[in-house]
Amino acid sequence: MSRLTKKSPSVCTDEPLENPDLCQRFDCLRQLLRSCFGPSGRLKHIRNNIGGHVITTSTSSVLLSAASSSQPAVRLLTTSILNHVSRFSDCGLFAAVLCLSLVDQAARRQSGLRRDVAIRVNKHLLRMCTDYLQREDCGCKVRLDFCSSRSLITLARSVISSKPGCVLTELEAVHISKLAVQAFVLTVPCDSPGTVRLGRTVTVSVEGQPVLDSAVFSGLLLDVPDASSLGNVENLQSNPLQMVLLGVSLSGDLSDLGDGTLEVHRGADADSQVLDQLLELGKQVVKDEVKLFVCQKVIHPVLQQYLRQHGVVVVERVGAALMEPLSQLTGAQPVATLQTTIPAKAYGQVKDLTIRQFGSKTMLHLHPAGEPVICTMILCHRNETMLNELKVACQKTEHVLRLTLREPSALLGGGCTETHLAAYIRNKSVHEAPEAAKVLGCSQSQYLLGLEAFCRSLESVAAALQHSGGSSLIDLTHGHHWTLHSDTAEIQREDALGSCGCGLVESGPHVKWTHLNTKYSDFSPAPLSKNAAVYPRVLDSFTAKINALQVAVETANLVLDIRYIIQDVN
């Protein structure tokens, strides 16, 4: 019997942001996430202390889920970011880096900024940012044209290129981006009256094949380990083909019949009776001219042989994850019992069946009989680690593209939205400082300190895109972000800069720059000329980024407002 010990009192930490240990943890997390940010971000190896699988990633959802912390304030921050990522799939690192920068700026003793003032100023500036981003004349907002795939491919490529763990060449990144857009378009119904229901993209991973072998197919591809069991699939004559979908095990085991009491007559062979029941099912589907028999679980070998002898294609062990896509594609209603006859309305249809080979995998391709709202993306890569990261990136890309249906807009990428927003907020707030300070109940100098901390935090997110020792600049005309490589001399700056982070602004003798996070005279960012020939190279999701901005500021304010942490250590 274990020895009973007296319960220890809870530990109460007063003013946690004054605790050097917590500040060090926040700073460590900030440096960790900053180093993962952007297309040239550094990868991280995550391994449990007691062993297990090693994860290689730079994706916020994987990174924050794997790197747990026992500190409540850190857990509060990471949970908030993960909740955002679970809803919007993008801008997780942006939200985390901005949130930690806001906390760091306000928690510095030498800044002279009171935390209660920082919270009020942050709320005020957040409203100013969101109001500006919602305006039609916003200088960092781009309307997406669904008549052309260019903007969607640019948005998809921006998401995929921001995941360096995928290890893609330029050609491979473009290829995967086009496939992501193709899959997205296939899942949007064209002629559906009433409420529109989006389809699904089913992803199949193939390890060891070149990335350029990846492809998208309308319909569903089912993994069939034994190709010989399919018979002569391509010679099936009827069009469309009738199919049935079963969600119950057909193995013939008594344990698969469910819970409850089973009554067996004396001398009766229960196994034979169950097999007879299975064969009765087979006779019915053959009579009803079913050509495709799909089961979520195992099918008894005798039933399989009977069905194949009568020209029925049999597929077993498709798994629970594919049951809904199969039902949506074929219109079949999954049969969950063997005790009743299969009703006619439970049958579904496919247009055609073909066999496809991808590396070592043999796939049965189910072509849709109607509008193809289900598609299959075959993702290939050289090893398991890269393939897993690519799969995550494509799933996030699909979600980001779906968000454009709600709001067909995007924000300039490459750090240009952050620097442009900082320049706009500085210019607008400086002129309104006396009135804003009065409304917020603080002095004008405190308001300006809070303003500077907010703008520096935005600029620090743009600067986090640089990982090679170079410098981050802002132009004093449009407020866009520029990168100056570390091996470039100052006198060669104009020739070396090329274009800004998003690619809309070209360098020239009329453009003046200054380093980020340095003092410069406030200016109103000039709007860009409407030139159809010039299109941004990098775009960010509008919906995801606005929510990430709100989550970052609100979470930072929550952390800054913590006065006590009470922790049960039992």
Side-chain angles (χ1 to χ4, degrees), residues 171-172 175-187 199-245 290-296 299 304 307-308 311-332 348-384 386-388 390-391 394-395 398:
L171 183 62
E172 291 170 345
H175 178 66
I176 295 296
S177 303
K178 290 179 179 179
L179 292 183
V181 173
Q182 181 185 350
F184 163 68
V185 172
L186 285 173
T187 59
R200 283 186 56 183
T201 300
V202 176
T203 304
V204 177
S205 304
V206 180
E207 184 182 345
Q209 296 297 112
V211 176
L212 295 179
D213 285 355
S214 302
V216 169
F217 297 93
S218 171
L220 201 57
L221 273 73
L222 303 179
D223 191 7
V224 184
D226 185 13
S228 62
S229 64
L230 294 176
N232 201 358
V233 167
E234 297 180 354
N235 286 342
L236 295 174
Q237 298 298 322
S238 57
N239 188 353
L241 304 173
Q242 187 155 263
M243 65 91 65
V244 65
L245 181 62
V290 170
K291 296 300 180 183
L292 177 62
F293 190 98
V294 183
C295 182
Q296 176 186 340
I299 303 176
Q304 289 194 47
L307 292 171
R308 286 173 181 142
V312 180
V313 177
V314 180
V315 182
E316 63 174 344
R317 307 186 192 206
V318 297
L322 288 179
M323 293 299 285
E324 184 182 347
L326 275 166
S327 178
Q328 194 172 352
L329 175 76
T330 64
Q349 291 182 336
V350 293
K351 180 181 179 182
D352 197 6
L353 298 175
T354 53
I355 299 175
R356 298 187 183 276
Q357 193 77 29
F358 294 94
S360 60
K361 286 191 175 184
T362 301
M363 314 288 291
L364 179 65
H365 187 181
L366 280 60
H367 299 267
E371 190 176 27
V373 293
I374 299 292
C375 68
T376 304
M377 177 180 281
I378 304 293
L379 278 184
C380 305
H381 217 321
R382 293 175 282 278
N383 62 48
E384 181 186 5
M386 298 174 185
L387 188 57
N388 289 339
L390 182 60
K391 187 175 180 179
C394 288
Q395 289 170 347
E398 179 191 8

Partners meeting side chain to side chain contact (heavy atoms under 4.5 Å, CB included) with A332 (sequence neighbours left out): M243, L245, T330
Polar contact flag, side-chain donor to acceptor under 3.5 angstrom, S214-H175: no
Out of the candidates [options], only one should pair with [X] under the side-chain contact (heavy atoms from CB on, under 4.5 Å) rule; please name it.
| X | options | value |
| --- | --- | --- |
| L292 | L222, L241, V312, V315 | V315 |
| L307 | V313, V314, V290 | V314 |
| M386 | E207, K391, H381 | H381 |

About how many Å separate [atom2] of [Y] and [atom1] of [X], when rounded to the nearest 0.5 Å?
| X | Y | atom1 | atom2 | value |
| --- | --- | --- | --- | --- |
| T201 | I374 | OG1 | CD1 | 8.0 Å |
| L379 | Q395 | CG | CD | 9.0 Å |
| L329 | Q349 | CG | CD | 11.5 Å |
| D223 | T362 | CG | OG1 | 8.0 Å |
| L322 | S327 | CG | OG | 12.0 Å |
| I378 | L179 | CD1 | CG | 10.5 Å |

T376 (side chain) donor-acceptor with G219 (main chain) under 3.5 angstrom: yes
Donor-acceptor contact below 3.5 Å, side chain K291 vs main chain P240: no
Quick check: closest heavy atoms across [X] and [Y], and the distance to 0.1 Å?
| X | Y | value |
| --- | --- | --- |
| A320 | Q296 | CB-NE2, 3.5 Å |
| C375 | S218 | CB-CA, 4.3 Å |
| V204 | M363 | CG1-CE, 3.8 Å |
| L390 | C380 | CD2-O, 4.0 Å |

Derivation and outcome, side chain to side chain contact (heavy atoms under 4.5 Å, CB included), residues M377 and E398: CA-CA 11 Å; M377 177 180 281; E398 179 191 8; over 6 Å; no
More than 12 heavy atoms of other groups within 6.0 Å of R317 CZ: no
Derivation of the side chain to side chain contact (heavy atoms under 4.5 Å, CB included) call for L221 and F358: CA-CA 11 Å; L221 273 73; F358 294 94; 3.7 Å; yes
